[in-house]
Amino acid sequence: MTERRVSIEINGTTYDREIEPRLLLSDFIRHEAGLTGTHVGCEHGVCGACTVQMDGEPVRSCLMLAVQAEGHSLRTVEDLAAEDGTLHPLQQAFHEEHALQCGFCTPGFLMSLEPLLADARDFDDTQVREALAGNLCRCTGYQNIVTATQLAARRMAGAEDAA
Amino acid sequence: MKPPPFDYKDPRSLDEAVAVLADCADDGKVLAGGQSLVPLLNFRLAQPAVLVDVNRVAELAYLRRREGKLQIGALCRQARLEQSPVAQESCGLLGDALKLVAHQQIRNRGTVGGSAAHADPAAELPVAFACLDARFKARSKRGERVIDARDFFVTHLTTSLEPDELLTEVEVPELPANHGHAFEEYSRRHGDFALGGAAVLVMRNGDGACREARIALLGAADTPLRAREAEQALAGQKIDEDSAREAARVATRDIEPTGDIHGSSSYRKRLIEAMVRRAIVKAAA
Ligand SMILES: Cc1cc2nc3c(=O)[nH]c(=O)nc-3n(C[C@H](O)[C@H](O)[C@H](O)COP(=O)(O)OP(=O)(O)OC[C@H]3O[C@@H](n4cnc5c(N)ncnc54)[C@H](O)[C@@H]3O)c2cc1C
Ligand code: FES
Ligand code: FES
């Protein structure tokens, strides 16, 4: 089988690799780019653990071939915190509100919910629940994830008012 | 849980895509949004020799209105159609249907053409297309042809597309502003494939009575099913709880849904009947 040379941009860094076309994007992110924050649960689109953002939109990385990501801009959970390690408001709120226990699902939830915060500061719980409906969590029961998302939204709105 | 090896082609134009597909004989598979095909590859339930990825065929990603018709390029993402104003207004049934399709992450990638070509009997868009009398355009090196909804869906996961044919467009006639539409279904969890459902359109007369009704059933058979006898029964009627109940009974009288561990055949039949009744009442409201 012929390998292909690809350049794939993740979190602003370009990774040049020679890969088989059948390599899943989730495996490229973890094994080629070494970004193991993106988790793999079911590998057939059901659990949402592998969710990353492509051109700003959440997508399942286990349902894409890595070769398909060429020319697009990818973002993974590693890009959320600031360079100095300061957590993104959504991560901070997850931490404070116990929105995670084992944490396996967390990168997928963060990457699914972050665009909601990027677009608006004011949304109801139903909108949060809709945005996270494609992500499974076996530990938290989801309630604290909704609470944390609302806390992050309030804080981000507050920071903007203060500025 | 990794895809088997395949020869990967990513044509850049429609002509190139059609030529590549013609070269594959029967052993090629089109890759669109990948939201149904990649799981099948990962499970190795599909092992095509050649994968023809059409995601770089930008000319297939359109969404446009022409002479009273909504023309949806096969590669138009489900999320884009969902967010377009037409999907709320003159083709409001598409908006109703898309809200029930999977989750945002999947609709961001999944295409309208892929959902039609996949022809899952539990999928919402094919049922909406059957209800809307959509037409499907297919291209191959041999030329273009247009297929009516009733001839497009053949059986479980099977359409009348030939192996060398690419679905290029779904064309949906726009409806008058005052028409009513509803899509009702039941699934155990939001975003899961439904156990049963129904799409209903109600075109009204000036006096508010029903001029024309259309009913399409989800999960009743191995393809979307139009309930034409029940549609006839509603034409010219004032729609209320009683006429809706009677039409739902007629619509589901002869269906024999396939039962499984999630619901027996008789349970599904009752469920679909209830969904038809609710959708009629909602569309007429
Ligand atoms: C977890 C999960 C839940 C889901 N839930 C739902 C749901 O509730 N309702 C629902 O309707 N769908 C659901 N889906 C499926 C989703 O809507 C898919 O996007 C859709 O069925 C297929 O579209 P696609 O573009 O991803 O096609 P692909 O997966 O790329 O292709 C599907 C099939 O269609 C063929 N094909 C695609 N495009 C063309 C073309 N232009 N010409 C010829 N053949 C073509 C392919 O060869 C393949 O056989 C779900 C998917 C997942 C992963
Ligand atoms: S690993 Fe991709 S959705 Fe579960
Ligand atoms: S925190 Fe354990 S699965 Fe979500």
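Being a predicted model, the structure only gives us computed values, none of them experimental. Proteins come first, then strands; the chains are lettered A, B, ... in the order of their sequence lines, and each starts at number 1.
Residues of residues 98-127 of chain A that come closer than 4.5 Å to chain B, counting heavy atoms only, are A/S112, ordered by residue number. Scanning residues 88-106 of chain B against chain A with a 4.5 Å non-hydrogen threshold yields B/H103, B/Q104, B/Q105, B/I106, sorted by number.
Here B/R109 contributes atom CZ and A/L63 contributes atom CG; the two are 9.5 Å apart, rounded to the nearest 0.5 Å.
When heavy atoms are compared at a cutoff of 4.5 Å, A/L65 approaches chain B solely by way of its side chain, counted from C-beta outward. Heavy atoms closer than 4.5 Å to chain B are found nowhere in A/V40, neither backbone nor side chain. Contacts of B/R189 with chain A are absent, with no heavy-atom separation under 4.5 Å from either backbone or side chain.
Looking at B/N42, its side chain does come within 3.5 Å of a backbone N or O of A/E43 through a donor-acceptor pair.
In this structure the side chain of B/Y8 reaches within 4.5 angstrom of the side chain of A/Q68, judged on heavy atoms. Between B/V38 and A/H44 there is no side-chain heavy-atom pair separated by less than 4.5 Å.
With sequence neighbours left out, the ring pair (Phe, Tyr, Trp, His ring centres under 6.0 Å) criterion links B/F129 to B/F136. With sequence neighbours left out, the side-chain contact (heavy atoms from CB on, under 4.5 Å) criterion links B/T159 to B/A119, B/F152, B/L161.
Heavy-atom pairs under 4.5 Å with chain A were tallied for B/N108, B/L51, B/D10; the largest tally goes to B/N108.
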